[in-house]
Amino acid sequence: MFKKLIFIFCFALTACGLETYQSGDLPAIKRLESIKKGDSKEKVERLLGSPNYASIPSEGTEDLYIYAQTKKSSRIFFNPSITEQDVYVFVFDENQNIKRTAHLDINDIQKVSFESEITDIGGEKLSVWEQLADNFGKYNAGGQDSSVRR
């Protein structure tokens with residue numbers, strides 16, 4: 001009986017483990033640090049790839065690229081808390097050269113506020129039953145290649 005209680009206790013402890021989540025992905029730090037004031041937008045895109053966010057400048061606004069990564073952790077049913085945050089901002093001038101750069105981390109968290117953690121992709125919203133009915137008959141149960149039609 002005692003062994004069963006220990007097993008249940010250990011199982012409950014492992015079920016309440018720490019979960020970590022990551023949103024965004026940063027290029028290698030060496031690449032980020034190699035970008036300097038005056039570099040062109042093409043060089044930034046070539047070295048770092050597409051940004052997480054790119055603004056489209058309008059009158060009175062600046063063109064900027066943002067590369068960001070956030071790591072959160074949570075335990076059991078508690079709300080996740082941010083454990084790491086890195087945001088790299090590149091502001092471009094009218095000639096498409098870097099005018100200013102900034103690196104914000106977890107200590108600057110109050111300066112960075114994202115509007116939503118969920119991106120609405122639009123499209124048709126289906127209930128569970130509509131999804132099940134829509135998917136009925138679409139799966140190949142025979143284990144054959146589904147691209148081959150007979």
Side-chain angles (χ1 to χ4, degrees), residues 9-141 143-149:
F9 179 73
C10 290
F11 181 75
L13 280 179
T14 58
C16 299
L18 182 70
E19 292 187 53
T20 56
Y21 311 92
Q22 177 178 321
S23 62
D25 195 17
L26 287 178
I29 299 299
K30 284 185 178 182
R31 289 183 180 214
L32 284 162
E33 291 174 349
S34 71
I35 303 294
K36 303 290 181 220
K37 185 177 176 180
D39 287 344
S40 68
K41 187 185 270 191
E42 290 91 23
K43 180 179 179 182
V44 173
E45 289 177 356
R46 188 176 63 249
L47 285 176
L48 306 180
S50 298
N52 297 93
Y53 172 81
S55 71
I56 300 171
S58 60
E59 191 174 327
T61 63
E62 297 176 312
D63 190 8
L64 58 93
Y65 277 5
I66 297 176
Y67 296 86
Q69 176 177 300
T70 303
K71 290 184 182 177
K72 298 178 181 180
S73 62
S74 71
R75 218 174 254 291
I76 314 172
F77 50 82
F78 296 110
N79 288 332
S81 61
I82 296 176
T83 56
E84 288 181 43
Q85 181 177 31
D86 282 302
V87 178
Y88 288 84
V89 181
F90 300 99
V91 181
F92 299 97
D93 62 16
E94 59 278 348
N95 298 325
Q96 302 300 308
N97 293 324
I98 294 178
K99 182 167 125 181
R100 285 190 319 267
T101 64
H103 173 223
L104 306 171
D105 61 12
I106 189 79
N107 300 322
D108 303 312
I109 199 165
Q110 298 301 325
K111 296 178 186 175
V112 179
S113 64
F114 296 100
E115 191 163 318
S116 176
E117 293 183 23
I118 299 172
T119 304
D120 184 23
I121 58 171
E124 187 178 350
K125 308 265 191 264
L126 299 175
S127 71
V128 172
W129 297 112
E130 289 172 322
Q131 289 177 29
L132 287 171
D134 188 46
N135 288 328
F136 185 75
K138 288 188 178 179
Y139 297 103
N140 182 9
Q144 301 171 356
D145 184 5
S146 62
S147 65
V148 178
R149 301 281 181 213

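Atoms considered below: every heavy atom in the structure, side chains included; atoms not considered: hydrogens, waters and symmetry mates. Quick note: residue numbers are just sequence positions, from 1.
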**Message:** Given 3.5 Å as the limit, does a donor-acceptor pair link the side chain of Asp63 with the main chain of Phe92, or not?
**Reply:** no
**Prompt:** Can you tell me how far the CG atom of Leu47 sits from the NZ atom of Lys30, to the nearest 0.5 Å?
**Reply:** 13.5 Å
**Message:** Between Arg100 and Val91 (side chain of the first, backbone of the second, donor and acceptor by atom type, cut-off under 3.5 Å), is there such a pair?
**Reply:** no
**Message:** Angle between ring planes, His103 versus Tyr88, binned at 30° and 60°: parallel, tilted or perpendicular?
**Reply:** parallel
**Item:** From Ile66 atom CD1 to Phe90 atom CZ, the distance as rounded to the nearest 0.5 Å
**Value:** 10.5 Å
**Fill in**
In this structure, OG of Ser50 is separated from CD of Glu45 (nearest 0.5 Å) by 6.5 Å
**Request:** With rounding to the nearest 0.5 Å, note down the distance linking CD1 in Ile35 to CG in Leu48.
**Result:** 4.5 Å
**Prompt:** Between Asn95 and Asn97, is there a donor-acceptor pair closer than 3.5 Å when you use the side chain of the first and the backbone of the second?
**Reply:** no
**Prompt:** What is the distance from atom OG1 of Thr70 to atom CG of Asn52, rounded to the nearest 0.5 Å?
**Reply:** 9.0 Å
**Asked** Looking at CD1 of Ile106 and NZ of Lys71, how far apart are the two atoms once the value is rounded to the nearest 0.5 Å?
**Response** 11.5 Å
**Item:** From CA spacing to verdict: side chain to side chain contact (heavy atoms under 4.5 Å, CB included), Asp25, Gln69
**Value:** CA-CA 5 Å; Asp25 195 17; Gln69 176 177 300; 3.8 Å; yes
**Request:** Looking only at non-hydrogen atoms, find the nearest pair between Glu130 and Ser127 and report the distance.
**Result:** OE1-N, 2.8 Å
**Request:** Kindly say whether Gly49 contributes a backbone atom to a donor-acceptor pair with the side chain of Tyr67 at under 3.5 angstrom?
**Result:** yes
**Donor-acceptor under 3.5 Å (Lys99 side chain, Gln96 main chain)** = no
**Prompt:** Which pair of heavy atoms, one from Ser73 and one from Thr83, lies closest together, and at what distance?
**Reply:** OG-CG2, 3.1 Å
